[in-house]
Amino acid sequence: MRKAIIAGTSIEDIINRPVRTYRTDYGDVDAAEDGSFVYILRHRRGHTEAPHLINYLANAALLETLEVEEVITTHAVGSISERLLPTSIGLVSDFIDMTYGRPLTFFDGKARPLKHTPMNDVFDDELKFQAIRASVEKNLRISPALTYITTNGPRLESKAEIRAYRSWGADVVGMTLNPEVNLIHELGIRLCSICFSINWAAGLDEEGISFIEGESRKRVINQVFDIAINALM
Ligand code: HPA
């Protein structure tokens, strides 16, 4: 069975297989293969595509073309609630999509028949269980059920926006979960999403926005990759 990891910010740096460009009906994708594993570089080679300009359709279409059956998506995020502190790792269990101007669906009644895909069970229970099992085996903590709010970026949020998102129940904020998971889910491919926090969101840190760097960043990236690979094994 083919499996995939969508490598986001920083995770892309530790893919040590040769990257090549794959053609899909929706555009080009940079990815690497290693046996039954496929690693998609979400922001393409050299991290050149901003979150609002990523070709989410092409990335998801490549999974379908390669007949991938299980996917783990990885996301650097900012912390909004105490359920995920900076340097920590968590699983997404729900989302709020604040994006605009991004592709919405494969099933628009043109290329494929119109479909209204439910979004209540996007994150596969079995894969989440496997990610928790992999974390326990590695002695790593993983927060099990986070609500991720996707902002359009590339700018960061205002303090008032973060206060509002916190009051809506968002635990973490990032720019890439949607529409990535929506598109993969509507293709019927099983997925789960792992996020790791690299900062407190706007207004929650007296010092302003400060991103974890250096050793603590390296450590969490390696831990996320390790969990993702072992969850899919
Ligand atoms: N906001 C949005 N996206 C992010 C953040 C943030 O604070 N940190 C990492 N990705």
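Atoms within a ligand are numbered from 1 in the order they appear, just like the ligands themselves.
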Looking at [atom], what's its closest protein heavy atom, distance included?
| atom | answer |
| --- | --- |
| atom 4 (C) of ligand 1 | V173 O, 3.6 Å |
| atom 5 (C) of ligand 1 | G78 N, 3.5 Å |
| atom 3 (N) of ligand 1 | G174 CA, 3.4 Å |
| atom 10 (N) of ligand 1 | A76 O, 3.5 Å |
| atom 9 (C) of ligand 1 | V77 C, 3.4 Å |

Atom indices of ligand 1, in the order listed, that fall short of 4.0 Å to a heavy atom of [X]:
| X | value |
| --- | --- |
| E157 | 1 (N), 2 (C), 6 (C), 7 (O) |
| N199 | 5 (C), 6 (C), 7 (O), 8 (N), 9 (C) |
| M175 | 2 (C), 3 (N) |

State whether [X] and [Y] are salt-bridged, where the test is any N-O pair (Lys NZ or Arg NE/NH1/NH2 against Asp/Glu carboxylate O) under 4.0 Å.
| X | Y | answer |
| --- | --- | --- |
| R190 | E70 | yes |
| R163 | E157 | no |
| K218 | E213 | no |

Does any N or O of ligand 1 fall below 3.5 Å from an N or O anywhere on A201, backbone included? no
Please determine whether the number of non-hydrogen atoms from other residues, nucleotides or ligands lying under 6.0 Å from atom CZ of R45 exceeds 12. yes
Start with the C-alpha distance between Y148 and F123, add both sets of side-chain angles, then the distance that settles ring pair (Phe, Tyr, Trp, His ring centres under 6.0 Å), and finish with yes or no. CA-CA 12 Å; Y148 181 127; F123 306 98; 8.9 Å; no
Under the 6.0 Å and 45° cation-pi test, does R20 pair with Y22? yes
Heavy-atom closest pair (N55 atom, E49 atom, distance to 0.1 Å) is N-OE1, 3.6 Å
